[in-house]
Number of protein chains: 2
Amino acid sequence: MNQAGYAQFCPVSMAAEVLCTRWTILLLRELLFGSTRFNDLRRGLARMSPALLSQRLKELEAEGIVRRAPGASGVLEYHLTPAGEALRPIVEAMGFWGQRWIDSELSLQKLDAQLLMWDMRRRLNPAPMPRRRCTIQFQYPERPETERLWWLVVEPGKPVDLCGIDPGFEVDLYVASDLRTMTAIWMGQDTVRAALGADRLKLIGDRELAAQMQTWLGLSSLAYAARPAA
Amino acid sequence: MNQAGYAQFCPVSMAAEVLCTRWTILLLRELLFGSTRFNDLRRGLARMSPALLSQRLKELEAEGIVRRAPGASGVLEYHLTPAGEALRPIVEAMGFWGQRWIDSELSLQKLDAQLLMWDMRRRLNPAPMPRRRCTIQFQYPERPETERLWWLVVEPGKPVDLCGIDPGFEVDLYVASDLRTMTAIWMGQDTVRAALGADRLKLIGDRELAAQMQTWLGLSSLAYAARPAA
DNA sequence: CGGGATCCGTAAAGATACTG
DNA sequence: CAGTATCTTTACGGATCCCG
């Protein structure tokens with residue numbers, strides 16, 4: 001973006017020089033939503049090359065938005081500084097605008113199972129689930145093999161685990177739908193109940209877990225801006 | 001920015017595809033601040049090529065953010081649609097963030113007399129001025145010739161006029177300073193009184209007009225987010 | 001496996017000139 | 001006034017490789 005940027009003293013211009021380069025807003029979204037490690041960031045930014053991710057992280061560090069430091073385990077972690085945390089209203093405002101003014105059909109043409117599952121892992125609410133390990137398998141039968149099957153493993157006291165290959169545990173609940181339906185539920189444009197009723201979603205297994213799905217699933221943090229169906 | 005964009009259903013991603021291309025945020029700033037014509041937009045975007053400006057306007061029109069139509073005088077005008085007006089919180093949030101977190105020294109290294117004067121023309125408040133035509137000349141003696149002298153002509157009932165060449169009227173007030181000082185005043189980081197006291201600003205002419213300068217000058221619409229001097 | 005660096009082809013943007 | 005046309009420079013994407 002730079003070769004001296006826009007050369008304007010206006011603070012909008014100064015901010016745009018920092019924020020409006022390719023992938024930067026999405027990288028900040030991942031950091032604001034809690035990812036801290038290089039390869040976790042990559043999971044939310046599937047089509048961003050690692051070279052560019054590395055470059056952007058360095059730029060954000062130089063601009064005082066990101067701090068790079070080894071975490072508890074000794075592995076490098078990237079955290080937002082106060083200046084970076086202060087960007088949250090901007091990223092949220094962009095999300096709300098997108099929800100309100102972009103045709104949801106356009107969004108639903110850009111399905112991404114990895115991004116959806118990764119975001120679900122992050123927002124899943126274990127509170128209404130049984131106090132034991134629960135394994136939930138998601139099936140998207142129409143997708144290519146690499147993104148057809150996913151497992152979420154929820155264990156009390158541990159972070160939720162997302163697997164793309166069978167973790168070997170007995171499955172408590174099977175969730176089957178097309179990826180579009182699950183994405184629409186996640187974005188607040190559809191509901192578990194409506195999708196079940198219209199046969200776009202099937203739940204097989206633990207009755208309790210199935211009944212509570214709308215609750216433990218949570219929703220995208222941007223879902224509450226959703227436009228009511230036209 | 002595109003070759004299929006980011007390929008993510010997330011609304012932040014959808015918004016970023018629209019907003020985070022070079023010059024787009026600054027173009028929206030100009031439209032949000034009230035410019036409607038191609039060459040007026042160019043005045044606020046000095047280093048943007050007309051080819052790219054034309055391209056961006058077409059893109060924004062295709063995205064439903066800008067409407068292109070002939071104005072009352074028959075000349076083409078660009079206006080924001082409701083979807084475009086809804087972007088105001090985002091652009092404002094970026095301005096506030098820039099004011100709060102970018103070192104003002106960095107901003108003041110990107111002085112731009114044309115941008116400053118054009119913004120002053122837009123925000124000038126004629127209310128405290130005499131009820132007759134007033135001509136104010138600004139001098140930036142250290143600048144290259146093309147941006148050294150500016151005239152603001154304020155006439156009751158007419159839009160404020162900005163000239164880069166002598167309009168020929170008798171000057172009511174001469175304002176002389178370095179461009180940095182006037183920009184800092186405009187951004188709320190300095191005041192007329194302080195600059196006068198420190199001899200960074202000189203006012204010659206109508207006493208009344210000079211005394212009221214801080215009032216009729218107005219300030220950048222982003223000035224109230226200014227960080228107090230360290 | 002985490003965290004990158006390198007190389008090369010393509011796409012976007014800048015500079016400048018020109019036009020209906 | 002409201003843009004095109006053309007040419008050069010820069011940024012980005014994608015594949016591959018490296019190293020602790």
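Order of the sequence lines fixes the chain letters, A, B, ..., with proteins taken first and strands second; residue numbering starts at 1 for each chain. This structure is a prediction, so every number in the text was calculated from the model and none was measured.
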Results of side chain to side chain donor-acceptor pair (under 3.5 Å) for [X] - residues two or more places apart only:
{"X": "A:Arg37", "answer": "none"}
{"X": "A:Arg180", "answer": "A:Glu105"}
{"X": "B:Gln55", "answer": "B:Glu59"}

Going by side chain to side chain contact (heavy atoms under 4.5 Å, CB included), name the residues that satisfy it together with [X], two or more places apart in sequence or in a different chain.
{"X": "B:Gln114", "answer": "B:Arg43, B:Asp112, B:Trp150"}
{"X": "B:Ser35", "answer": "B:Glu30, B:Asp40, B:Leu41, B:Trp118, B:Arg122"}
{"X": "A:Ala86", "answer": "B:Trp97, B:Trp101"}
{"X": "B:Arg42", "answer": "B:Phe38, B:Asn39, B:Pro50, B:Leu53"}

Take the C1' atoms of the five end pairs on each side of the helix from C:dC1-D:dG20 to C:dG20-D:dC1, get both axes, and report the angle to 10 degrees.
-> 40°

Electrostatic pair A:Glu63:A:Lys58 at N-O distance under 4.0 angstrom | no

Whole angstroms only, please: what is the [atom1]-[atom2] distance between [X] and [N]?
{"X": "B:Met48", "N": "C:dG14", "atom1": "CE", "atom2": "C1'", "value": "11 Å"}
{"X": "B:Gln55", "N": "D:dG3", "atom1": "CD", "atom2": "P", "value": "14 Å"}
{"X": "A:Arg22", "N": "C:dA13", "atom1": "CZ", "atom2": "C1'", "value": "15 Å"}
{"X": "A:Leu26", "N": "D:dG13", "atom1": "CG", "atom2": "P", "value": "11 Å"}
{"X": "A:Glu59", "N": "C:dG4", "atom1": "CD", "atom2": "P", "value": "14 Å"}
{"X": "A:Leu53", "N": "D:dC12", "atom1": "CG", "atom2": "P", "value": "13 Å"}
{"X": "B:Leu41", "N": "D:dA2", "atom1": "CG", "atom2": "P", "value": "9 Å"}
{"X": "B:Leu52", "N": "D:dT10", "atom1": "CG", "atom2": "P", "value": "17 Å"}

Using a cut-off of under 3.5 Å, enumerate the N/O to N/O pairs linking the protein to nucleotides 1-3 of chain C.
from	atom 1	to	atom 2	distance (Å)
C:dG2	O5'	A:Asn39	ND2	3.3
C:dG3	OP1	A:Leu76	O	3.2
C:dG3	OP2	A:Phe38	N	3.2

Do any side-chain atoms of residues 69-82 of chain A form donor-acceptor pairs under 3.5 angstrom with protein atoms, and if so which ones, sequence neighbours left out?
from	atom 1	to	atom 2	distance (Å)
A:Glu77	OE1	A:His79	NE2	2.9
A:Tyr78	OH	A:Arg68	NH1	3.2
A:Thr81	OG1	A:Gly64	O	2.6
A:Thr81	OG1	A:Ile65	O	3.3
A:Thr81	OG1	A:Ala83	N	3.3
A:Thr81	OG1	A:Gly84	N	3.3

Phosphate oxygens OP1/OP2 of [N]: is one of them under 4.0 Å from a side-chain N or O of [X]?
{"X": "B:Ser54", "N": "D:dA2", "value": "no"}
{"X": "A:Trp23", "N": "D:dA11", "value": "no"}
{"X": "B:Lys58", "N": "D:dA2", "value": "no"}

Is there any salt bridge (Lys or Arg N to Asp or Glu O under 4.0 Å) pair reaching into residues 166-178 of chain A, and which pairs are they, with sequence neighbours excluded?
-> A:Arg132-A:Asp172

Going 5' to 3' through nucleotides 15-20 of chain D and flagging B where a protein heavy-atom sits under 4.0 Å of the base, S where only the sugar-phosphate is that close, and - otherwise, we get ------

Short side-chain donor-acceptor distance under 3.5 Å, A:Thr21 and A:Thr24 | yes

